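In this text the structure is predicted, and so the values were computed from the model without any measurement. All chains are named by letter (A, B, ...) in the order of the sequence lines, taking the proteins before the strands, and each is independently numbered beginning at 1.
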There are 4 protein chains.
Amino acid sequence: MTAINVIELRRDLHQHPELGLTEFRTASIVVQTLQNLGYRVEYGANTMDAKYSLGVPPKAVLENAKQRAIRDGADPAIVEKMDGGLTGVVATLQGKQPGPTIGFRFDMDALPIEESTNDTHLPVSSGFRSSYEGNMHACAHDGHTAIGLKLAEVLSDGNFSGTVKMFFQPSEEGLNGAYPMVKKGVADDVDKMFCLHLGMGVPLGEVVGGLEGFLAMTRLQVEFRGVPSHAGASPEEGRNALLGAATALLNIHAISRFGTADTRVNVGILQGGTAANIIPYHAKMLVEMRSEVAEVNLELRRRVEQIIASSADMHGLEYDITVVGESTTMKCDDELIDIVLEEAKEVEGFQTFTRRGSAGGSEDATYFTRRVQELGGLATYILVGSPIPAPHHNEKFDIDERSLILAVNLFTRIARRVLR
Amino acid sequence: MTAINVIELRRDLHQHPELGLTEFRTASIVVQTLQNLGYRVEYGANTMDAKYSLGVPPKAVLENAKQRAIRDGADPAIVEKMDGGLTGVVATLQGKQPGPTIGFRFDMDALPIEESTNDTHLPVSSGFRSSYEGNMHACAHDGHTAIGLKLAEVLSDGNFSGTVKMFFQPSEEGLNGAYPMVKKGVADDVDKMFCLHLGMGVPLGEVVGGLEGFLAMTRLQVEFRGVPSHAGASPEEGRNALLGAATALLNIHAISRFGTADTRVNVGILQGGTAANIIPYHAKMLVEMRSEVAEVNLELRRRVEQIIASSADMHGLEYDITVVGESTTMKCDDELIDIVLEEAKEVEGFQTFTRRGSAGGSEDATYFTRRVQELGGLATYILVGSPIPAPHHNEKFDIDERSLILAVNLFTRIARRVLR
Amino acid sequence: MTAINVIELRRDLHQHPELGLTEFRTASIVVQTLQNLGYRVEYGANTMDAKYSLGVPPKAVLENAKQRAIRDGADPAIVEKMDGGLTGVVATLQGKQPGPTIGFRFDMDALPIEESTNDTHLPVSSGFRSSYEGNMHACAHDGHTAIGLKLAEVLSDGNFSGTVKMFFQPSEEGLNGAYPMVKKGVADDVDKMFCLHLGMGVPLGEVVGGLEGFLAMTRLQVEFRGVPSHAGASPEEGRNALLGAATALLNIHAISRFGTADTRVNVGILQGGTAANIIPYHAKMLVEMRSEVAEVNLELRRRVEQIIASSADMHGLEYDITVVGESTTMKCDDELIDIVLEEAKEVEGFQTFTRRGSAGGSEDATYFTRRVQELGGLATYILVGSPIPAPHHNEKFDIDERSLILAVNLFTRIARRVLR
Amino acid sequence: MTAINVIELRRDLHQHPELGLTEFRTASIVVQTLQNLGYRVEYGANTMDAKYSLGVPPKAVLENAKQRAIRDGADPAIVEKMDGGLTGVVATLQGKQPGPTIGFRFDMDALPIEESTNDTHLPVSSGFRSSYEGNMHACAHDGHTAIGLKLAEVLSDGNFSGTVKMFFQPSEEGLNGAYPMVKKGVADDVDKMFCLHLGMGVPLGEVVGGLEGFLAMTRLQVEFRGVPSHAGASPEEGRNALLGAATALLNIHAISRFGTADTRVNVGILQGGTAANIIPYHAKMLVEMRSEVAEVNLELRRRVEQIIASSADMHGLEYDITVVGESTTMKCDDELIDIVLEEAKEVEGFQTFTRRGSAGGSEDATYFTRRVQELGGLATYILVGSPIPAPHHNEKFDIDERSLILAVNLFTRIARRVLR
């Protein structure tokens with residue numbers, strides 16, 4: 001077996017971006033690589049509790065994704081065990097001496113963004129642009145997964161006292177990948193938990209020991225049902241689901257700012273209607289709300305639900321609201337931040353060492369870290385800087401691949417230090 | 001060859017409803033039936049001028065529809081000649097003596113409505129509910145096509161002086177089927193043109209000799225393009241296409257009523273956004289406007305276009321507007337109304353004879369009738385009553401099949417009378 | 001006493017335009033003129049039942065209007081009896097012989113429009129522009145009242161068999177002037193009722209014997225009450241009445257057109273909020289809906305009320321809805337139309353004689369005509385043509401004063417004919 | 001002359017609340033009191049540069065306010081010199097020895113809120129509820145002014161080295177009172193500037209030495225002008241200003257949150273339309289935007305202006321936008337915070353000593369402090385805690401009057417310390 005080239009691996013993953021809960025090819029590679037390295041590997045129903053899975057894609061979508069993954073090299077037997085979107089992977093390796101358990105969490109999913117075809121975009125000029133049209137790794141998870149596997153390779157020597165446990169999580173973007181893993185209990189034996197992100201506007205050579213400020217988040221799927229009617233002959237007999245949805249959309253965005261906490265609302269998707277001459281009698285929306293304070297996020301949700309109910313009433317519609325994703329807030333432990341910064345100072349290439357930072361988005365890694373902390377363990381979330389030519393979630397997003405090597409070296413030192 | 005059973009034929013068509021410009025199975029049956037009856041039959045590029053075709057479905061949709069049609073019995077050779085949505089059929093039969101040309105126009109397309117599964121709905125209880133899930137003959141075009149073919153059978157004896165010309169038109173619902181046929185010149189030699197509709201709230205036994213009041217109609221497809229951004233980290237960097245679209249939708253519906261003419265507006269479809277956590281950067285709308293006065297319809301279009309332009313400006317969006325369907329108004333000729341009512345009085349089963357009626361919807365048969373009238377011919381649009389358990393375009397719409405026989409008998413008499 | 005110059009009188013009234021229920025000066029002139037002519041004159045509480053008065057202006061507004069009227073020549077004693085907006089006047093004259101009772105109804109109120117100052121506008125160039133800034137006779141009621149008084153003068157000779165009864169009605173624009181008069185019973189003894197309008201796009205010399213098509217109308221006053229809060233420090237604690245009102249406004253205008261009848265909706269007034277830095281906690285709207293079919297108007301009202309209720313719920317507001325004006329539809333009697341057209345043919349200056357016409361607006365004269373018809377009498381509504389340089393309710397609206405004389409002559413002939 | 005009772009004085013001011021730029025009675029009392037105490041007092045055009053005055057109320061409003069002030073005891077001569085809304089007062093006293101100049105700034109204006117009539121509200125039960133119906137001191141400025149005058153009295157002994165300069169500022173709520181004073185140069189000679197607020201959710205006995213986090217603010221007055229038309233007869237000829245305004249209102253509230261800074265938007269007032277049956281052709285809005293970052297506030301303003309322009313275009317309207325108020329951000333100087341906290345520790349009644357706090361609202365005292373700092377001086381903004389039974393700007397807002405005495409004592413010590 002030849003050593004993993006972290007950059008080549010990242011580029012292969014970049015070229016095959018899979019959306020949340022359909023990471024069949026990615027997870028299959030993860031499973032096989034870790035098995036080959038001698039780890040004990042669990043996946044499918046052993047790593048995710050299906051009854052806590054939210055927002056699982058429809059059967060046809062899963063089926064297509066599975067076929068595509070197998071076509072592009074995934075192991076059919078592994079893929080089959082991941083059916084129903086159970087694409088999480090957990091790998092464990094006992095060190096040569098006993099000791100505590102360290103956990104590392106990496107995310108694997110991509111985004112529904114069409115990657116740029118501009119040849120100033122490195123994946124284009126270097127030939128590893130997404131081959132799955134309409135999907136793109138625009139948030140560095142390709143890098144995260146590659147780092148995780150390279151780290152696994154380095155640590156496969158077992159030269160440490162304790163246990164290394166690695167979590168490869170699906171659907172971070174959907175915020176519905178971590179929750180069913182944590183509910184399955186996979187993180188219950190972890191003593192010290194480390195999570196990772198690359199990029200986020202921080203320059204190469206800078207490390208942030210404890211990234212916090214993640215926003216509590218709720219995602220609601222909304223369905224409006226009206227009554228169809230011919231738009232020319234008898235429009236008044238229809239009940240217009242799109243009028244209800246558009247009214248809700250505007251008013252959701254118009255929810256008051258809060259004096260007590262930063263908030264976000266977004267109606268990310270709206271789809272409704274069937275034909276030009278039929279009063280639209282069906283509409284679906286995907287709504288997201290966030291706040292840095294969990295209680296404020298609850299109040300946002302209450303207001304969104306009221307707006308939806310009233311918009312439906314206003315237009316004589318029925319409606320359903322379903323939660324399809326959630327995350328919470330986090331607090332990094334000082335003791336782990338100390339470790340991160342001390343070890344980073346020993347890694348060539350880091351020059352700037354920041355204790356704490358604040359993120360603007362949401363992260364369901366927070367379910368892992370909260371669980372570990374609840375059970376008396378410690379946790380932190382590390383940011384490794386990387387220049388990005390365009391913002392996260394943009395069609396020209398990219399990372400500086402030198403950050404991959406910095407991250408592998410840092411995490412290796414952290415593992416050896418914690419399991420010393 | 002056994003005689004056509006108009007009710008069985010209608011039920012077969014009902015069970016295989018095909019959307020506008022994809023009527024491959026229906027048109028294939030029409031072609032073969034008419035050829036067997038001895039008519040000269042034209043179809044494909046001989047009946048429709050592709051450069052006047054608006055709103056042709058994407059290649060993949062056409063391909064799927066062709067495969068399905070062939071699977072369900074369509075002739076692959078005929079289907080192939082109809083590629084690109086050229087599903088119009090024109091059949092001609094010379095009578096035993098010379099004389100004028102009479103034209104009959106029938107429409108073949110179905111609607112994107114999911115048919116009711118309630119067993120009080122006759123197609124359910126009698127086993128001919130749509131087998132093409134999501135599509136439905138909810139506007140009686142299955143009946144129209146069956147009537148046309150039965151009429152063709154009856155007239156195939158050639159016992160008349162002149163020429164019978166039958167037009168089987170696609171995509172009346174899309175209002176984009178008649179226009180490319182008329183532009184091809186297929187109606188240029190018609191002296192007297194008769195069109196037909198069943199139902200429309202008129203009871204069994206009533207006939208309306210001249211149905212008018214069709215609304216001039218324009219359909220616009222609109223595309224908004226914004227800028228994606230992460231909804232949590234940097235929402236302000238996005239340009240939100242759904243906010244623009246929802247603003248446009250509400251304001252389009254809020255366009256003033258006119259004191260000078262009846263009007264209609266509908267945003268039949270709105271689809272936008274890609275994910276909950278990305279500011280939606282793309283949205284599409286299908287907008288329809290109508291008026292009983294052609295100039296007012298133009299003014300409606302001007303206002304809709306202004307609203308779209310301003311909504312885009314408001315939210316920093318780019319946009320495109322494309323016309324995808326159009327129809328005009330009509331005026332029925334007294335001489336033909338006289339003929340219709342006189343002949344109807346000779347058909348057993350008609351008791352009520354109404355000269356003129358006013359429809360609320362739009363019809364692109366108006367392109368046929370206007371063309372015939374422009375060239376000095378006469379035209380009318382006949383309504384044959386039929387009880388309907390639910391409005392047109394409703395999932396429980398149905399017709400009383402006795403009206404099929406009444407219509408065949410009436411049209412036969414009209415043909416023999418005009419070509420006497 | 002010198003004879004009334006109908007043009008001078010009209011110009012005086014034009015210069016002193018008074019809004020609905022504040023026509024203190026106008027009504028005072030009407031009372032005094034009619035008393036001088038020998039009519040029995042009733043006004044104040046004798047002509048209007050206050051408990052059916054809707055939308056009476058606040059005390060301060062009434063008080064100001066009364067002061068202004070007195071300042072400009074109104075009789076203080078008469079004005080005082082009209083307090084509370086009871087500005088209707090009814091005058092009766094018995095002819096020399098007994099006979100039936102003929103009724104004539106004229107309206108007196110002006111509009112809250114600022115009259116043009118452009119010197120192409122006749123009232124400007126001829127020096128009789130409104131001296132009550134912000135108010136204007138922009139719907140010809142100044143002409144109607146002048147015609148009524150001149151007609152009264154001509155008929156004061158008593159040379160007829162029966163009774164002449166003249167109704168000078170306030171607040172036609174508010175549609176709240178006729179109802180309390182009719183409820184008082186003032187029209188109960190009328191056998192034949194004639195109403196009048198000038199202008200409406202019909203040319204000089206044309207008369208329409210029966211103007212119909214008035215729309216049933218309802219006016220609702222809406223109040224939203226929220227919660228104030230500081231817009232910078234704690235906006236989330238407010239409940240924003242203007243967000244509720246704006247949502248209602250857009251959705252009211254977006255109510256579906258009806259296939260069954262022509263409809264209108266208008267939010268004529270919206271006022272809310274108190275300061276830039278306070279979440280607006282109060283808003284008021286005046287909403288109007290109309291239809292040519294009374295049942296459709298009821299359904300419009302139901303939808304408006306639902307939209308208001310849902311907009312309030314959506315934003316945590318309380319609300320009240322009050323009816324402040326109403327009118328109904330009308331049907332003119334053939335027998336009276338015959339009389340109108342026959343007599344018009346005898347008046348020099350009329351050349352075009354139209355039986356029936358259709359109006360687009362609403363009229364509360366319909367309460368007078370409906371009451372007369374309910375009790376077995378006959379009624380019609382006459383339109384006397386007059387060129388208008390700008391539409392009704394426009395700041396440059398004006399009438400051709402020759403129409404005043406035509407109308408007086410026509411009405412005189414009608415009175416003598418009916419009371420022959 | 002008897003000593004000032006700060007509580008009685010505050011209650012008198014509370015009972016006579018005057019809106020921004022109409023503080024004629026308040027300012028008259030301030031002028032007379034300070035003159036009696038021996039200060040050199042400037043006011044009217046000597047303290048405010050009229051050409052930098054924004055949002056001055058109309059003449060009629062000023063006139064009414066002046067009459068009311070004179071009726072309630074203001075000196076007519078003083079009031080006259082304040083015409084045009086020049087109600088700012090500046091008082092100077094030289095100490096017995098030379099030294100630096102200390103500045104104190106207090107605000108005097110009230111809010112357009114109707115004060116509660118509930119007898120649990122102290123001003124009700126103790127008989128000093130607002131006698132100016134619809135206005136209320138709901139932000140403690142009555143207390144600030146009373147503190148300022150009592151402080152002036154205490155310092156009138158001249159026992160200090162240097163100069164005391166006191167600024168009594170109008171219209172803090174309008175954010176248009178400080179700017180014309182600062183532009184007049186009144187603060188140019190101040191070395192150390194102290195501002196004050198009571199309440200703001202901080203308990204009695206707590207003092208915050210440096211209150212920051214004020215939001216940069218801009219207030220825009222917007223006018224939309226459309227075209228009137230009769231809402232029944234020809235609604236399509238109107239251009240509806242309220243549809244434009246409601247569209248703007250919803251979209252202004254829907255402006256994206258910013259990842260880079262906290263923001264606020266509010267449409268505080270919307271007024272439009274004239275009558276139920278006229279398409280509303282005029283509307284006015286008062287819009288406010290704020291951010292903790294001045295550049296973000298500029299971007300908010302750009303977006304608001306774009307929304308207004310597009311809403312106007314959408315509905316065929318003309319529009320104007322006028323800036324009527326502005327404020328900026330601030331930074332408190334450490335040296336003054338030290339002084340405040342050290343002196344507060346010597347005042348009986350203070351137990352909690354907080355260095356810095358963050359406010360959520362806006363303050364135009366920031367123009368005073370920025371000017372002093374620009375010229376090399378120092379500035380801070382002190383918060384003196386007081387329990388409040390309801391939020392600022394609420395109809396039940398009140399302060400604990402014990403905080404008045406604490407504030408006077410603290411400010412006295414600060415003055416003596418700085419001018420030691």
Side-chain angles (χ1 to χ4, degrees), chain A residues 19 111-113 134 139 173-175 200 214-215 217 219 221 227-235 237-238 240 242-243 245-250 253 264-280 283 285-288 290 324-325 359-362 391-395, chain B residues 19 111-113 134 139 173-175 200-201 214-215 217 219 227-235 237-238 240 242-243 245-250 253 264-280 283 285-288 290 324-325 359-362 391-395:
Chain A
L19 298 184
L111 284 157
I113 293 176
C139 198
E173 300 293 350
L175 296 176
M200 300 184 78
F214 292 114
L215 302 172
M217 208 275 317
R219 282 186 187 151
Q221 187 173 294
V227 176
S229 189
H230 191 279
S234 49
E237 293 179 12
N240 193 323
L242 275 177
L243 267 179
T247 298
L249 187 147
L250 276 169
H253 281 281
R264 297 283 184 278
V265 287
N266 189 39
V267 178
I269 294 181
L270 169 57
Q271 298 186 323
T274 54
N277 62 339
I278 301 179
I279 300 298
M285 294 199 316
L286 193 53
V287 190
E288 180 183 281
R290 313 189 193 214
V324 294
S362 296
H392 289 251
H393 294 208
N394 183 290
E395 57 164 17
Chain B
L19 298 184
L111 285 158
I113 293 176
C139 198
E173 300 293 352
L175 296 176
M200 299 185 79
F214 292 115
L215 303 172
M217 206 276 317
R219 284 189 186 147
V227 176
S229 189
H230 191 279
S234 49
E237 293 180 12
N240 193 323
L242 275 176
L243 267 179
T247 297
L249 187 147
L250 276 169
H253 282 281
R264 298 283 184 277
V265 288
N266 189 39
V267 178
I269 295 181
L270 170 57
Q271 297 186 324
T274 53
N277 62 338
I278 302 179
I279 299 298
M285 295 200 314
L286 193 53
V287 189
E288 180 183 280
R290 314 189 193 213
V324 294
S362 296
H392 290 252
H393 293 207
N394 183 291
E395 58 162 18

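- Side-chain N or O atoms of N277(B) include none that pairs as donor or acceptor with a backbone N or O of G174(A) at under 3.5 Å.
- Ranked by heavy-atom pairs shorter than 4.5 Å toward chain A, the options H253(B), M217(B), H392(B), E237(B) are led by H253(B).
- At least one side-chain heavy atom of N266(B) sits under 4.5 Å from a side-chain heavy atom of N240(A).
- Across every non-hydrogen atom of G268(B) and P280(A), the tightest pair is O-CB, 3.7 Å.
- Contacts with chain B were tallied for I279(A), V227(A), L175(A); I279(A) has the most, counting heavy-atom pairs under 4.5 Å.
- Without hydrogens or angle criteria, N394(A) side chain to S229(B) main chain gives no donor-acceptor distance under 3.5 Å.
- For a residue to count as touching a neighbouring chain, one of its non-hydrogen atoms must lie under 4.5 Å from one of that chain's; by this rule P391(A) touches chain B with the side chain only.
- Heavy atoms of L111(B) lying under 4.5 Å from chain A belong exclusively to its side chain.
- Between A246(B) and L249(A), the closest heavy-atom pair is CB-CD2, 3.9 Å.
- Partners of A245(B) by side chain to side chain contact (heavy atoms under 4.5 Å, CB included), not counting sequence neighbours, listed by chain and number: F224(B), L270(B), A283(B), M285(B).
- Chain B forms the most heavy-atom pairs under 4.5 Å with one residue out of P228(A), G238(A), A275(A), and that residue is A275(A).
- Nearest heavy-atom pair, G272(A) versus Q271(B), reported as atom, atom and distance to 0.1 Å: N-CG, 4.5 Å.
- Ranked by heavy-atom pairs under 4.5 Å with chain B, the first of I278(A), L19(A), V287(A) is I278(A).
- Of all heavy-atom pairs between A233(B) and R264(A), the closest is O-NH2, 4.5 Å.
- Of the listed residues (E395(A), Q221(A), E288(A)), the greatest number of heavy-atom pairs within a distance under 4.5 Å of chain B belongs to E288(A).
- Across I113(B), T247(B), L286(B), L242(B), the residue that shares the most heavy-atom pairs under 4.5 angstrom with chain A is L242(B).
- Side-chain contact between V265(A) and P235(B) is absent, with no heavy atoms from C-beta onward closer than 4.5 Å.
- Within the 4.5 Å cutoff, the side chain of L250(B) has heavy atoms near those of the L243(A) side chain.
- Residues meeting the ring pair (Phe, Tyr, Trp, His ring centres under 6.0 Å) test with H393(B), sequence neighbours left out: H230(A).
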